[in-house]
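Everything below concerns the one structure shown next.
In this text, all values refer to a predicted model and were calculated from it rather than measured experimentally.
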Amino acid sequence: FKNIFKLEPGTYLSYKNGTIETARYWNPTVGSAPASKEEAKEQIRSLMRDSVKRQMISERPVGVFLSGGIDSTAILGLATEVAQKPLDTFTVGFNIGGDKFNADLRLARETSAYYKTNHHELIISGADVLKHLSDVIYHMDEPVANATQVATYLLSQFARKDVVVALGGDGGDELFGGYERYRLSAMVSFYQSKIPLRTLSIFGAFMKKIPGEFGKEVEKMMVPAGAPRLLSFMAQKESDIARMLRANKANVTPIFFEKYFRPLNPDVENALMWADLRSWLPDESLVRSDKLSMAFALEQRVPILDHRLVELSLSIPSKWKMQGKEKKSLFKSAIQEYIPPHLLNEPKRGWFSPASEWLRYDLKSFAEEVFTPSFAPDTEEWLNFPEIRTMFYDHIERRSYHMNLLWAVLTFQLWYRRFFT
């Protein structure tokens, strides 16, 4: 990996006469905001139609990765309008977990019937994960930890039997305010504009003791805008990370501030969305979908991330994107004609896998082996395996929840062993 570098987003590389040069071909610009919400909605509709139409161009079959959400559903509706024939759609589900992990499967089935697609469903098990996890980490190249990776990998293999291009719904939440953290941040920004931070801190220290989600929401009121607020939503607990690591801890807040929040956008929630567009999307979400689909020579295209839609979203005030407790309200309104009735009142769901149960059952013996110093020699320099194993057994016995951190260690160990031993 020495002297191997990533090409920055929005740049190209040229090699000539022994010289490598890189140049930026696109840097997002923030134009004037639309004059009204209605104008913003019309621009979103127009660009969505044109983007899907462009990305449907292919000499080989095109399908759609269909979830239970509105983004992939809107893309399917627009693509069906362009193709004027039934399209192939693909959805993945799990053999355990009920509706908690398979709501997408159920809703996609209903959406498929609405649009009369040739629908294909793939059900995967913990045994499938155990069989393919090492290969998935090989194809990822980087130690990016996400428990849905095997599902993406197997769905891509499954879809490649019928299509060579698949449209996906990535980007809608980051562009138009679809995550709960943006709504909570808007609430925090409102209170911080009315009450001094010191007063909020005193109030929050008392109120955060309230059990349940309300206490967690109040705790965010003490967090200033920018990198600290993003990390309060996205980062794991420092105390848990410290247990797992032997090496000195690094303060990542200045790194995030310098890279994603300088200068700080006065529209705090748009700043969070913009940071996600430059960090979470290219370094986790898109790298996962791109590498795991291309493992089977399947090209995944993402129409919502058309550069014109990105620039439009940056110009739209965040207060238009979210309406009270309703996230992504402007976008939903703009593409409502493509959303079937059964989805209109469905709550926002993330896409999760039953990884906690996999660790407790199908992957338990394997994880016990991975969480030892002998599995990948040298990693003991950084990882505190006695603590990791304690957290693992606390998790599988349901004394505490550590799935995300345990999956990160599992991924790192497998990655290190594959590439360095």
Side-chain angles (χ1 to χ4, degrees), residues 64-73 76 89-115 117 119-133 136 145-159 168-170 172-173 178-181 211-213 216 285 288-289 292 325-328 339-367 391-408 410-411:
V64 177
F65 282 154
L66 184 63
S67 73
I70 67 166
D71 297 335
S72 63
T73 300
L76 173 60
T89 52
F90 305 89
T91 304
V92 66
F94 307 101
N95 70 333
I96 59 172
D99 206 53
K100 179 179 179 180
F101 296 106
N102 289 301
D104 271 0
L105 191 72
R106 169 178 57 81
L107 294 169
R109 190 178 297 155
E110 294 181 45
T111 301
S112 158
Y114 181 87
Y115 278 111
T117 73
H119 194 51
H120 311 266
E121 294 180 350
L122 175 69
I123 307 298
I124 70 170
S125 66
D128 295 321
V129 176
L130 183 61
K131 179 180 179 181
H132 295 284
L133 185 57
V136 166
N146 190 305
T148 64
Q149 287 172 343
V150 174
T152 302
Y153 177 78
L154 293 177
L155 182 64
S156 298
Q157 182 186 46
F158 181 62
D170 307 59
D173 292 318
Y179 292 129
E180 179 69 0
R181 59 182 175 269
E213 289 301 314
K216 294 178 183 178
S285 179
R288 169 167 38 95
S289 58
L292 297 181
K325 288 191 174 183
E326 187 182 359
K327 301 177 287 292
K328 212 157 59 174
I339 308 303
H342 68 272
L343 287 182
L344 289 177
N345 296 314
E346 282 290 324
K348 163 70 179 172
R349 295 182 180 89
W351 184 41
F352 303 107
S353 67
S356 279
E357 295 304 295
W358 293 339
L359 284 175
R360 292 183 179 110
Y361 299 104
D362 299 87
L363 271 66
K364 181 184 175 184
S365 297
F366 178 64
M391 294 170 76
F392 173 60
Y393 289 117
D394 282 346
H395 179 86
I396 63 175
E397 296 298 332
R398 304 180 193 274
R399 289 187 291 267
S400 54
Y401 183 85
H402 297 298
M403 201 287 294
N404 292 320
L405 282 172
L406 290 169
W407 203 268
L410 188 77
T411 299

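Remark: the backbone N or O of Ala108 is not paired with any side-chain donor or acceptor of Ser112 at under 3.5 angstrom. Judged by distance alone, with hydrogens and angles left aside, the side-chain atoms of Ser353 form a donor-acceptor pair with the main-chain N or O of Ala147 at under 3.5 Å.
Scanning for ring pair (Phe, Tyr, Trp, His ring centres under 6.0 Å) contacts around Phe94 gives Trp358, with sequence neighbours left out. Residues passing the ring pair (Phe, Tyr, Trp, His ring centres under 6.0 Å) test with Tyr179 are Tyr182, sequence neighbours excluded. With sequence neighbours excluded, no residue satisfies side chain to side chain donor-acceptor pair (under 3.5 Å) with Asn95. Residues meeting the salt bridge (Lys or Arg N to Asp or Glu O under 4.0 Å) test with Lys364, sequence neighbours left out: none. Not counting sequence neighbours, the partners of Asp71 by the salt bridge (Lys or Arg N to Asp or Glu O under 4.0 Å) test are Lys328. By the ring pair (Phe, Tyr, Trp, His ring centres under 6.0 Å) test, Tyr401 pairs with His395, sequence neighbours left out. Legend: residues meeting side chain to side chain donor-acceptor pair (under 3.5 Å) with Asn146, ordered by chain and number and at least two apart, are Thr148, Glu284. With sequence neighbours excluded, the residues satisfying side chain to side chain donor-acceptor pair (under 3.5 Å) with Ser72 are Ser67. Not counting sequence neighbours, the partners of Glu121 by the salt bridge (Lys or Arg N to Asp or Glu O under 4.0 Å) test are Arg109. Residues forming a ring pair (Phe, Tyr, Trp, His ring centres under 6.0 Å) with Phe392 (at least two apart in sequence, or on another chain): Phe371.
Between His342 and Thr111, the side chains place a donor N or O and an acceptor N or O closer than 3.5 Å (distance only, hydrogens not considered).
A distance of 11.5 Å separates CG in Leu363 from OG in Ser356, rounded to the nearest 0.5 Å.
Each salt bridge (Lys or Arg N to Asp or Glu O under 4.0 Å) pair with one or both residues in residues 91-102, not counting sequence neighbours, appears once here: Asp99-Arg106. For the salt bridge (Lys or Arg N to Asp or Glu O under 4.0 Å) condition, no pair includes a residue of residues 149-159, sequence neighbours left out.
A salt bridge does not link Arg349 with Glu180: every distance from a Lys NZ or Arg NE/NH1/NH2 to an Asp or Glu carboxylate oxygen is 4.0 Å or more.
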